[in-house]
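In what follows, a structure is listed as structure tokens, so that the remarks can point back to it.
Throughout, residue positions are numbered sequentially from 1 according to the sequence presented.
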Amino acid sequence: MQLGSCFLDSLTVTSFFGNAEMRRVFNDRQLMQSWLDVEAALARGQASLGIIPQAAADAISATARLEKLDAAALAADAEDTVHPLVPLVRALTAACPGDAGRYVHLGATTQDVMDTGFVLRARAGLDIVGRQLDELVRLLRRLALRHRSTPMPARTHGQQALPTTFGLRLAVWQSELQRHRARLREMRARLLVTSMGGAAGTMAGYGPQAFALERAVAEELGLGVADTPWHATSDRFAECLMVLGLVASSGEKLAREVYFLGRTEVGEAYEPQRATQVGSSTMPHKRNPIRCEAVIAAASTLRAQVPLALQTMVAQDDRDMGVGMTLWKLLPECFILIGGVLERLVEVFGDLGVNPDRMRANLDITGGLVLSEAVMLRLAGPLGREQAHHLVMRVVRDSLEQGRPFAEVLRGDPEVAAALSGGDIAELLDPLSYVGHAAALVDRALLTSESP
């Protein structure tokens with residue numbers, strides 16, 4: 001069976017995208033094994049209710065391993081039937097000893113098994129995402145604490161705005177990821193449920209004990225019970241992929257921040273480089289942020305899948321396999337991509353290069369202009385805010401047009417001199433005097449959020 005294998009193969013030719021652990025969950029073998037796990041759980045649930053013999057359930061469970069089935073016969077049958085599940089059910093039936101095979105897939109329908117199998121793989125994928133996200137949050141929190149008072153320029157509209165601290169920026173990032181952790185937890189309860197609707201969603205094929213069987217199968221698989229059949233409602237998977245899209249977008253933002261901070265002209269923080277790593281094939285001095293670039297590419301690719309995930313919600317009638325087949329493609333792609341995004345970011349922030357000296361030097365390149373707000377607010381006392389704003393704007397303009405230091409122009413302006421002494425001006429133009437409550441905001445962010 002070749003379910004999405006072209007995409008999976010394309011990811012394995014390079015280490016830039018994807019995640020090896022996630023690929024082990026989202027490949028064709030694990031797809032089929034998840035379906036076998038559902039078939040085994042169904043048999044055990046039916047045995048617990050006396051619907052089928054316990055010996056038959058034991059035999060089905062023991063046989064429902066892909067390595068115990070005839071792979072060649074399975075592939076040939078898939079080619080003949082052009083059906084995703086029937087060849088697997090036939091192979092399991094044939095492999096079971098005695099008459100146990102007669103009870104395989106009893107009362108079930110293809111989409112029950114497939115959808116529940118997708119849920120099982122999504123759970124495994126979310127477990128990986130959760131661990132990766134936890135580790136990334138831990139790294140950001142550690143860096144935020146280390147740099148809670150490290151001054152750097154805040155930037156708005158692509159320009160230096162005011163002094164801030166690198167710790168505050170890191171605390172903001174970890175706070176955003178903390179919200180994603182909460183979203184993932186909340187979404188799991190809605191997603192991790194069995195599909196037991198039967199052929200048309202009425203559960204008729206499961207007999208008089210259908211509800212008890214549903215609970216039994218859910219318990220066997222460690223899943224919840226859905227309140228209604230959901231063959232034609234894919235909002236659970238759509239929500240899952242939307243949340244992965246949110247995580248990917250935050251990941252891309254972090255990668256772009258490091259990408260920018262590592263520019264030669266900025267030089268404030270940079271992606272770690274191994275001793276053997278090659279930045280450029282022709283320019284030995286280059287330290288290309290290849291991991292951040294891979295995150296940007298993977299995250300943007302994943303985010304582009306979110307509209308398609310929403311489209312799967314537009315299913316027709318009581319079952320629409322066009323939707324189901326779309327999910328075969330989307331789930332592996334999105335989980336593998338987010339696994340790669342988070343793995344790369346953990347690598348970057350686990351050994352992030354930080355240059356506090358360059359951060360401070362960059363604060364000084366405006367010659368004090370970055371402190372214009374501090375000067376304006378001090379002058380607002382004696383002059384009023386509006387007059388103080390116009391005065392400082394005029395001094396700033398004169399400083400830029402005349403190429404004179406901001407402090408010099410301030411000291412030479414009669415209106416300013418009447419309100420501020422030379423010592424006042426020197427104090428106001430010290431970047432460390434105007435980082436506000438940045439350190440306290442870091443402390444509040446770390447104290448009021450969960451440490452993974």
Side-chain angles (χ1 to χ4, degrees), residues 1 25 28-75 77-78 81 83-124 127 188-189 191-231 319:
M1 300 176 69
V25 172
D28 285 356
R29 291 188 62 83
Q30 287 305 312
L31 173 66
M32 290 186 284
Q33 185 57 58
S34 71
W35 295 344
L36 290 171
D37 292 341
V38 176
E39 294 286 1
L42 174 62
R44 292 194 299 272
Q46 289 170 326
S48 71
L49 297 172
I51 298 172
I52 70 172
Q54 184 63 52
D58 293 341
I60 292 170
S61 294
T63 310
R65 301 298 307 171
L66 195 58
E67 61 270 17
K68 294 187 176 183
L69 305 184
D70 187 332
L74 187 58
D77 202 13
T81 61
H83 193 282
L85 186 65
V86 164
L88 200 64
V89 171
R90 288 178 176 175
L92 177 59
T93 299
C96 285
D99 66 349
R102 63 187 290 189
Y103 300 106
V104 170
H105 199 66
L106 185 64
T109 193
T110 294
Q111 195 163 348
D112 280 346
V113 176
M114 290 172 55
D115 283 350
T116 305
F118 289 153
V119 167
L120 293 177
R121 292 204 302 161
R123 179 174 64 186
D127 289 344
R188 286 178 69 105
L191 173 65
L192 303 183
V193 296
T194 58
S195 175
M196 291 280 288
T202 64
M203 303 180 73
Y206 292 120
Q209 299 187 78
F211 289 164
L213 177 59
E214 183 180 36
R215 290 192 297 272
V217 172
E219 184 175 344
E220 287 284 344
L221 295 172
L223 299 175
V225 173
D227 55 350
T228 61
W230 51 278
H231 289 167
R319 191 192 302 191

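Taking the side chain as every heavy atom from C-beta outward, Asp112 and Tyr206 approach each other to under 4.5 Å. Side-chain contact between Pro97 and Thr63 is present, with heavy atoms from C-beta onward closer than 4.5 Å. Tyr103 is not listed as a side-chain neighbour of Cys96, based on a closest heavy-atom distance of 4.5 Å or more.
Rounded to the nearest 0.5 Å, atoms OG1 (Thr109) and CE (Met203) are 12.5 Å apart. Leu88 contributes atom CG, which lies 10.0 Å from atom NE2 of His105 (distance to the nearest 0.5 angstrom). To the nearest 0.5 Å, atoms CG (Asp115) and CH2 (Trp35) are separated by 10.0 Å. Atom CG of residue Leu69 and atom CZ of residue Arg90 lie 14.5 Å apart, to the nearest 0.5 angstrom. The distance from the CE atom of Met196 to the CG atom of Leu213 is 4.0 Å, given to the nearest 0.5 Å. In this structure, CZ in Arg65 is found 6.0 Å from CG in Asp37, a value given to the nearest 0.5 Å.
With Gln46 contributing its side chain and Gln54 its backbone, the two residues share no donor-acceptor pair below 3.5 Å. Listed for the Ser48 side chain is a donor-acceptor partner under 3.5 Å among the backbone atoms of Gly45. Of the possible polar contacts, one joining the Thr116 side chain to the Ser195 backbone as a donor-acceptor pair under 3.5 Å is found. Remark: side-chain polar atoms of Gln111 are paired, donor with acceptor, to backbone N or O of His231 under 3.5 angstrom. Under a 3.5 Å cut-off, the side chain of Trp230 and the backbone N or O of Thr194 do form a donor-acceptor pair.
Between Val25 and Gln30, the shortest heavy-atom distance links the atoms O-CB, 3.1 Å. For Ser61 against Arg44, the heavy-atom pair with the smallest separation is OG-NH1, 3.0 Å. Smallest separation of non-hydrogen atoms from Ala100 and Ala59: CB-CB, 3.6 Å. The shortest non-hydrogen separation linking Gly117 to Val38 is N-CG2, 3.8 Å. The minimum heavy-atom distance between Leu74 and Ala91, with the atom names listed, is CD1-CB, 4.0 Å. Val119 and Leu223 get closest at one heavy-atom pair: CG1-CD2, 3.9 Å.
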Candidate pair Leu120 and Gln33, rule side-chain contact (heavy atoms from CB on, under 4.5 Å), full reasoning:
CA-CA 10 Å; Leu120 293 177; Gln33 185 57 58; over 6 Å; no

For salt bridge (charged side-chain N to carboxylate O under 4.0 Å, His left out), just list the numbers for Asp127 and Arg188, CA-CA rounded to whole Å, side-chain angles, deciding distance to a tenth of an Å, and then say yes or no.
CA-CA 10 Å; Asp127 289 344; Arg188 286 178 69 105; 3.0 Å; yes

